**Q** 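Mind having a look at this structure? Questions to follow.
Small disclaimer: the values here were computed from a predicted structure and weren't measured. Order of listing sets the numbers, starting from 1, for every ligand and every atom in it.
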Amino acid sequence: METSNPLLLFLNQAGPERMILLFVGALGLLTILNTSSGLLKWIWVTFLRPGKNLSKYGSWAIVTGPTDGIGRSFAIQLARRKINLVLVGRSPSKLTDLADELQAKYKTQVKTVVVDFTGDLIEGISRVEETINDLDVGILINNVGMSYPYARFFHEVDSQLLKNLIAVNIEGTTRMVHTVLPGMLKRKKGAIVNIGSGAATVIPSDPLYTVYAATKAYVDQFSRSLYVEYKHSGVDVQCQVPLYVATKMASIKKASLLVPSADTYARAALRCVGYEPRCTPYWLHSIIWWLANALPEPFVDAYRLKFSLGIRKRGQLKDSRKKE
Ligand SMILES: NC(=O)c1ccc[n+]([C@@H]2O[C@H](COP(=O)([O-])OP(=O)(O)OC[C@H]3O[C@@H](n4cnc5c(N)ncnc54)[C@H](OP(=O)(O)O)[C@@H]3O)[C@@H](O)[C@H]2O)c1
Ligand SMILES: *[C@@H]1O[C@H](CO)[C@@H](O)[C@H](O)[C@H]1NC(C)=O
């Protein structure tokens with residue numbers, strides 16, 4: 001049968017070399033398409049895709065650890081969008097100051113609950129439960145978290161620090177979701193944002209911050225599985241992955257291009273609420289993530305160990321000066 005289709009003609013005469021050539025060509029084309037569609041998707045998600053209308057989830061949001069850093073910026077950004085707030089933090093005076101400021105500036109309602117996540121969690125969270133009982137809570141920003149004062153080997157982590165890291169990062173995060181989720185399921189809508197960390201998901205290891213990184217790995221898998229469990233019940237669960245943000249936890253005072261301010265971070269973060277199960281809101285953080293993945297693991301491990309050893313040395317020096 002005669003054909004004028006060049007591909008069929010090519011195949012009709014195909015020897016093994018031609019088949020190989022065709023195969024390699026197709027593979028190349030697929031790779032290019034794949035890479036460029038990945039790039040286009042990244043541009044869409046990072047810069048162009050409009051954020052969800054957060055009021056659609058409900059008229060109230062809860063933010064844990066709202067008195068400083070990223071949590072504080074989340075609270076301000078939510079109040080600006082006219083969403084009422086339940087602020088859950090440890091410092092009564094800082095909570096009242098923030099509540100007064102937000103009520104005056106944005107004319108929204110703000111309630112506060114004092115909970116020290118290293119203290120009696122069951123009792124603390126039961127007070128959160130009482131507060132939100134008759135509220136239409138649409139959003140939970142599970143932001144509270146703690147790290148080491150500075151880098152150290154695992155055997156140097158004292159048992160109090162160990163207990164607190166697990167209580168705040170794992171148990172606090174888990175119990176907050178456990179308390180807030182039933183109401184969301186009843187209303188068939190809600191967004192839960194758990195703050196993870198690049199320490200668990202971006203770099204292959206985080207030596208000298210091992211327990212911190214491991215608690216954040218928990219947050220990542222916890223969120224990811226909840227996402228699948230509740231996707232069809234109207235509740236969007238997400239783990240957000242910041243790299244360095246200029247806050248007191250990171251011990252970085254000044255924001256820069258690679259280390260955004262908490263405000264810059266939170267603004268980007270609210271734009272991805274309700275979409276992917278895991279997101280890296282700040283655009284340069286996602287590029288660093290990509291780079292870190294492209295480098296050989298032993299190289300990143302060694303770099304990271306050296307980096308943390310430097311922090312440990314400076315921290316120990318500061319400690320010994322304090323004692324003198
Ligand atoms: N900054 C970064 O580079 C970075 C990177 C990756 C992930 N993260 C994650 O982002 C989240 C926020 O961190 P951040 O940098 O904004 O930290 P931050 O500036 O230290 O703020 C932490 C907030 O949590 C509160 N908090 C701490 N311990 C608490 C406790 N035991 N009970 C109740 N509240 C407590 C703090 O209260 P006070 O105001 O009373 O201190 C503050 O409001 C954390 O989950 C952290 O792991 C941060
Ligand atoms: C967002 O949703 C709320 C509640 O459904 C609605 O009142 C508001 O007009 C919406 N805002 C925008 C900008 O669409």
**Q** Output the list of atoms in ligand 1 that are nearer than 4.0 Å to some heavy atom of Val115, sorted by atom number.
**A**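 Result: 32 (N), 33 (C).
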**Q** Can you find a protein heavy atom under 4.0 Å from atom 8 (C) of ligand 2?
**A**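 There is a protein heavy atom less than 4.0 Å from atom 8 (C) of ligand 2.
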**Q** Hey, is ligand 1 close enough to Lys94 that some N/O pair sits below 3.5 Å?
**A**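 In this structure, Lys94 places an N or O atom under 3.5 Å from an N or O of ligand 1.
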**Q** Testing Ile195, Thr280, Thr247 one by one against Pro242 for a side chain to side chain contact (heavy atoms under 4.5 Å, CB included), which residue passes?
**A**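 Among the candidates, only Ile195 passes.
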**Q** Find out whether Gln238 and Ser223 are in side-chain contact, i.e. whether some heavy atom of one side chain is under 4.5 Å from a heavy atom of the other.
**A**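 Counting from C-beta outward, Gln238 and Ser223 never come under 4.5 Å.
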**Q** Give the numbers and elements of all ligand 1 atoms closer than 4.0 Å to a heavy atom of Gly196.
**A**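 With Gly196 as reference, the close atoms of ligand 1 come out as 7 (C).
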**Q** Can you tell if the side chain of Leu258 reaches within under 4.5 Å of the side chain of Tyr244, non-hydrogen atoms only?
**A**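 Leu258 does not reach Tyr244 side chain to side chain.
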**Q** To which of Arg72, Gln240, Arg90 does the heavy atom nearest atom 36 (C) of ligand 1 belong?
**A**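 It is Arg90 whose heavy atom sits nearest to atom 36 (C) of ligand 1.
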**Q** In terms of residue, atom name and distance, what is the protein heavy atom nearest to atom 5 (O) of ligand 2?
**A**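 For this ligand atom, the closest protein heavy atom is Lys56 CE, 3.8 Å.
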**Q** Judging by distance only, is a nitrogen or oxygen of Ser197 under 3.5 angstrom from one on ligand 1?
**A**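 N/O-N/O distance below 3.5 Å does not exist for this pair.
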**Q** Considering only the protein, which heavy-atom contact is closest to atom 11 (N) of ligand 2, and what is its distance?
**A**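 Atom 11 (N) of ligand 2 sits closest to the protein heavy atom Asn53 ND2, 3.0 Å.
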**Q** Specify the protein heavy atom at minimum distance from atom 32 (N) of ligand 1: its residue, its atom name, and the distance to 0.1 Å.
**A**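 Here the closest protein heavy atom is Phe117 N, 2.9 Å.
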**Q** Out of Val114, Asp68, Asn143, Val168, indicate the one that has the non-hydrogen atom closest to atom 11 (C) of ligand 1.
**A**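 Among Val114, Asp68, Asn143, Val168, the closest heavy atom to atom 11 (C) of ligand 1 comes from Asn143.
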**Q** Under 4.0 Å from a heavy atom of Asp116: which atoms of ligand 1 are those, numbered in the order shown and with their elements?
**A**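 Per the distance check, 30 (C), 31 (N), 32 (N).
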**Q** Less than 4.0 Å is my threshold; does some heavy atom of Pro242 fall inside it relative to ligand 1?
**A**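 So Pro242 counts as touching ligand 1.
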**Q** Suppose we measure from atom 22 (C) of ligand 1 to each protein heavy atom; which comes out shortest, and what is that distance?
**A**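 Checking every protein heavy atom, the shortest distance to atom 22 (C) of ligand 1 gives Gly145 O, 4.4 Å.
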**Q** What's the shortest distance from atom 13 (O) of ligand 1 to any protein heavy atom, and which residue and atom give it?
**A**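 Among all protein heavy atoms, the one nearest atom 13 (O) of ligand 1 is Met249 CE, 3.9 Å.
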**Q** Taking the inter-plane angle between the rings of Tyr212 and Tyr209 on a 0 to 90° scale, is it parallel (under 30°), tilted (30 to 60°) or perpendicular (over 60°)?
**A**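 Because their plane-to-plane angle is over 60°, the rings of Tyr212 and Tyr209 count as perpendicular.
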**Q** Is there a side-chain contact between Lys111 and Leu87 in this structure, where contact means two heavy atoms from C-beta onward sitting under 4.5 Å apart?
**A**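 Counting from C-beta outward, Lys111 and Leu87 never come under 4.5 Å.
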**Q** Counting each atom of ligand 1 from 1 as listed, which ones have a heavy atom of Gly69 under 4.0 Å away?
**A**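 Answer, ordered by atom number: 16 (O), 19 (O).
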**Q** Got the closest protein heavy atom to atom 8 (N) of ligand 1, with its distance?
**A**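 Minimum-distance protein heavy atom for atom 8 (N) of ligand 1 reads Tyr212 OH, 3.7 Å.
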**Q** Closest non-hydrogen protein atom to atom 16 (O) of ligand 1, residue and atom name please, with distance?
**A**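 It is Ile70 N, 2.8 Å.
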**Q** Can you give me the closest heavy-atom contact between Arg312 and Leu208, atom names plus distance?
**A**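 What the structure gives for the nearest pair is CD-CD2, 3.8 Å.
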**Q** Return a yes/no value for Ile195: is any of its N or O atoms, backbone included, closer than 3.5 angstrom to an N or O of ligand 1?
**A**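 Among all N and O atoms of Ile195, none is under 3.5 Å from an N or O of ligand 1.
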**Q** Would you mind checking which non-hydrogen protein atom is closest to atom 14 (P) of ligand 1, with the distance to 0.1 Å?
**A**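 For this ligand atom, the closest protein heavy atom is Thr247 OG1, 3.7 Å.
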**Q** Side-chain contact, heavy-atom cut-off 4.5 Å: Tyr57 with Asp236?
**A**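 In short, these two side chains touch, coming nearer than 4.5 Å.
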**Q** Check the angle between the aromatic planes of Trp283 and Phe47 and answer parallel, tilted or perpendicular using the 30° and 60° thresholds.
**A**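 Tilted, since the angle between the ring planes falls between 30° and 60°.
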**Q** Check for me whether Gly119 has a heavy atom closer than 4.0 Å to any atom of ligand 1.
**A**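 Gly119 does not count as a contact of ligand 1 under the 4.0 Å cut-off.
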**Q** What is the closest protein heavy atom to atom 3 (O) of ligand 1, and at what distance does it sit?
**A**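 Here the nearest protein heavy atom works out to Val245 N, 2.9 Å.
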**Q** Quick one: are Thr67 and Leu95 in side-chain contact, heavy atoms under 4.5 Å?
**A**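 Yes - at least one pair of side-chain heavy atoms lies under 4.5 Å apart.
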**Q** Are Tyr282 and Tyr265 close enough that their ring centres sit under 6.0 Å apart?
**A**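 No - the distance between ring centres of Tyr282 and Tyr265 does not fall below the 6.0 Å cut-off.
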**Q** Please identify which atoms of ligand 1 are closer than 4.0 Å to at least one heavy atom of Thr118.
**A**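 The atoms of ligand 1 under 4.0 Å from a heavy atom of Thr118 are 31 (N).
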**Q** What do you reckon, does Gly65 have a nitrogen or oxygen under 3.5 Å from a nitrogen or oxygen of ligand 1?
**A**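 By distance alone, the answer is yes.
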**Q** Hey, which atoms in ligand 1 end up nearer than 4.0 Å to a heavy atom of Thr67?
**A**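 By the 4.0 Å cutoff, the relevant atoms are 37 (O), 38 (P), 39 (O), 40 (O), 42 (C), 43 (O).
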**Q** Find all atoms of ligand 1 within a distance of less than 4.0 Å from any non-hydrogen atom belonging to Tyr244, and give their numbers and elements.
**A**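 It comes down to these atoms of ligand 1: 3 (O).
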**Q** Output yes when the distance from some N or O of ligand 1 to some N or O of Met146 is under 3.5 Å, and no in every other case.
**A**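 There is no such contact.
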**Q** So, 4.0 Å and heavy atoms of Leu243: is ligand 1 close enough to count as a contact?
**A**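 The answer is yes, since Leu243 has a heavy atom less than 4.0 Å from ligand 1.
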**Q** Please identify which atoms of ligand 1 are closer than 4.0 Å to at least one heavy atom of Val144.
**A**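 Here the atoms of ligand 1 in question are 24 (O), 26 (N), 29 (C), 34 (N), 35 (C), 45 (O).
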**Q** Minimum heavy-atom separation for Asp136 to Gly58, with atom names?
**A**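 Scanning both residues, the minimum pair turns out to be OD2-CA, 3.5 Å.
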**Q** Are side-chain heavy atoms of Gln316 and Tyr150 found at a separation under 4.5 Å?
**A**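 A side-chain contact under 4.5 Å exists here.
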